[in-house]
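Values reported hereafter were calculated over all heavy atoms of this structure, with side chains retained and with hydrogens, waters and symmetry mates removed. Predicted model, so just to flag it, every value in this text is computed and none were measured.
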Amino acid sequence: MTNRAFITGVSGLILNDAEREFIRAERPWGFILFKRNIESPAQVAALVGELRSAAAAADVAVLIDQEGGRVQRLGPPHWPVYPPGASFSALYDIDPKLGLTAARLSSRLIAADLIDIGITVDCLPLADVPVAGADAVIGNRAYGTEPDKVAAIARAVTDGLEQGGVLPVLKHIPGHGRATADSHFRLPTVDTARDELERTDFAAFRPLADLPMAMTAHVVFSALDPVHPATTSATIIEQVIRGLIGFQGLLMSDDVSMNALAGSIAERTRAIVSAGCDMVLHCNGNIDEMREVARETPELAGKALERAKATLAARKQPEPLDRQAARAELDALLNRVGTA
């Protein structure tokens, strides 16, 4: 039986009966975990097992946002602290090779942490290019302010994840760096001319168009579509994401429950699907909202189904890793810029 085209969160540390029945009935393509779902390695591994059992699929995608810095769902005392993207940027400015090495080592270690507990997808790397005056929601998560540099570091992060057997999710396509508002709370509008967007924001994503998955930005680009954010804009998805950038992988929305989007959860879900996203993401674990998303989400079919299958098939077996040596090397590199 085919999965429905959505990824869902759940409410707590274990599945409750309503969630278990929901998963069995509605067949989400994947799941995403947050801090509310995390207590210890054994507990997370057990929850992931519960999710896969309820979904009746051993390879069902389980996602997390584990970037390092302030976006790190797994943390002490059970998991290490990882550096923010800006650390790699600073090291790259000293020596590009060292910056890329540190980025790859960090994501390779993150991948090892995730695979240990059954998580197979990380919402990383970012290719957002921040500008002066932008909201701090991206801030030091970014890999720099030059598109070529951002793309190079994002590629190194991707390499580390893939070497560790974890699928990357490129975000936030086609760019969240110029947003002057946090899309968790309200809708940002970017009034930059198209030529400038193509030269900067969009340019950082083009070298990464081969990645298997990407997450959209809840941002209006008025030069392209003055009404709809990229997530619900057929124009931006077709002309920019699929066209100019050339991304042909599985396209998922950012969280449908974020306040940047207007209308009911059902209306938002319909708009996301109609615009051309392959997958709707719902994060907060609210069962009533989850049911609304499921009702409005189609079964995977056509190109979306092909992309979903290709994504799962792209995951590699983890390569051997000496964690102690890799962490020591990473810390030594970060000490070069005082961010260890």
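Other members of a hydrophobic cluster containing Val71 are absent, since no ILVMFWY side chain comes under 4.5 Å of it, directly or through relayed contacts.
The CD atom of Gln239 lies 12.0 Å from the CD1 atom of Ile245; values are rounded to the nearest 0.5 Å. Note: Ile272 CD1 to Phe6 CZ = 13.0 Å, rounded to the nearest 0.5 Å. How far CG of Asp128 is from OG1 of Thr145: 13.0 Å, rounded to the nearest 0.5 Å. Within the model, atoms SG of Cys277 and CE of Met252 stand 9.5 Å from one another, a figure rounded to the nearest 0.5 Å. The structure places CG of Leu98 at 5.5 Å from CG of Leu333, a figure rounded to the nearest 0.5 Å.
Evaluation of the side chain to side chain contact (heavy atoms under 4.5 Å, CB included) rule for Asn259 yields no partner, not counting sequence neighbours. Residues passing the ring pair (Phe, Tyr, Trp, His ring centres under 6.0 Å) test with Phe221 are Phe202, sequence neighbours excluded. Every residue two or more places apart in sequence or in another chain that forms a side chain to side chain contact (heavy atoms under 4.5 Å, CB included) with Ala275 is listed here: Ile237. Residues meeting the side chain to side chain contact (heavy atoms under 4.5 Å, CB included) test with Arg268, sequence neighbours left out: Val256, Leu261, Ile265. Take Asp322 and apply the salt bridge (charged side-chain N to carboxylate O under 4.0 Å, His left out) test, not counting sequence neighbours, and it matches no residue.
With Gln72 contributing its side chain and Pro80 its backbone, the two residues share a donor-acceptor pair below 3.5 Å. Side chain of Gln248 to main chain of Arg242: a donor-acceptor pair is present (N/O by atom type, distance under 3.5 Å, no hydrogens or angles). With Arg104 contributing its side chain and Asp159 its backbone, the two residues share no donor-acceptor pair below 3.5 Å. Judged by distance alone, with hydrogens and angles left aside, the side-chain atoms of Glu238 form no donor-acceptor pair with the main-chain N or O of Thr235 at under 3.5 Å. Between the side chain of Asp331 and the backbone N or O of Ala328 there is no donor-acceptor pair closer than 3.5 Å. Distance alone, capped at 3.5 Å, is enough to place a donor-acceptor pair between the Gln43 side chain and the Glu39 backbone. Proximity of a side-chain donor or acceptor of Asp122 to a complementary backbone N or O of Val169 within less than 3.5 Å is not detected.
Val190 and Val131 are assigned to two separate hydrophobic clusters, defined by single-linkage of ILVMFWY side chains at heavy-atom distances under 4.5 Å.
Sorted by first and then second residue, the side-chain hydrogen bond (donor to acceptor under 3.5 Å, both in side chains) pairs involving residues 106-119 (not counting sequence neighbours) are Tyr82-Asp113, Asp116-Arg323. A salt bridge (charged side-chain N to carboxylate O under 4.0 Å, His left out) check over residues 248-260, counting only residues at least two apart or in different chains, returns nothing. For residues 258-267, the set of pairs meeting the salt bridge (charged side-chain N to carboxylate O under 4.0 Å, His left out) definition, not counting sequence neighbours, is empty. Counting only residues at least two apart or in different chains, side-chain hydrogen bond (donor to acceptor under 3.5 Å, both in side chains) contacts with residues 205-233 comprise Arg155-Asp210, Asp191-Ser222, Thr216-Thr231, His218-Thr231, Asp225-His228, Asp225-Ser233. Listed by first then second residue, pairs satisfying side-chain hydrogen bond (donor to acceptor under 3.5 Å, both in side chains) with a partner in residues 46-71 read Arg20-Glu50, Asp65-Arg73, Asp65-Lys171, Glu67-Arg141, Glu67-Lys171, Arg70-Asn140, not counting sequence neighbours. For the salt bridge (charged side-chain N to carboxylate O under 4.0 Å, His left out) condition, the pairs that include at least one residue of residues 305-315, sequence neighbours left out, are Asp278-Arg307.
Other residues, nucleotides and ligands contribute more than 12 heavy atoms inside 6.0 Å of the CD atom of Glu196. Around CZ of Arg186, the count of heavy atoms belonging to other residues, nucleotides or ligands within 6.0 Å does not exceed 12.
Just one of Asn286, Leu281, Thr269 meets the side chain to side chain contact (heavy atoms under 4.5 Å, CB included) condition when paired with Val293; it is Thr269.
Here the closest non-hydrogen pair linking Ala266 and Glu292 is N-OE1, 3.2 Å. Of all non-hydrogen atoms in Val280 and Thr297, the two that sit nearest each other are CG2-OG1, 4.4 Å. When all heavy atoms of Ala179 and Pro188 are compared, the closest pair comes out as CB-CB, 3.6 Å.
With 3.5 Å as the limit, one finds a donor-acceptor pair spanning the side chains of Glu19 and Ser11.
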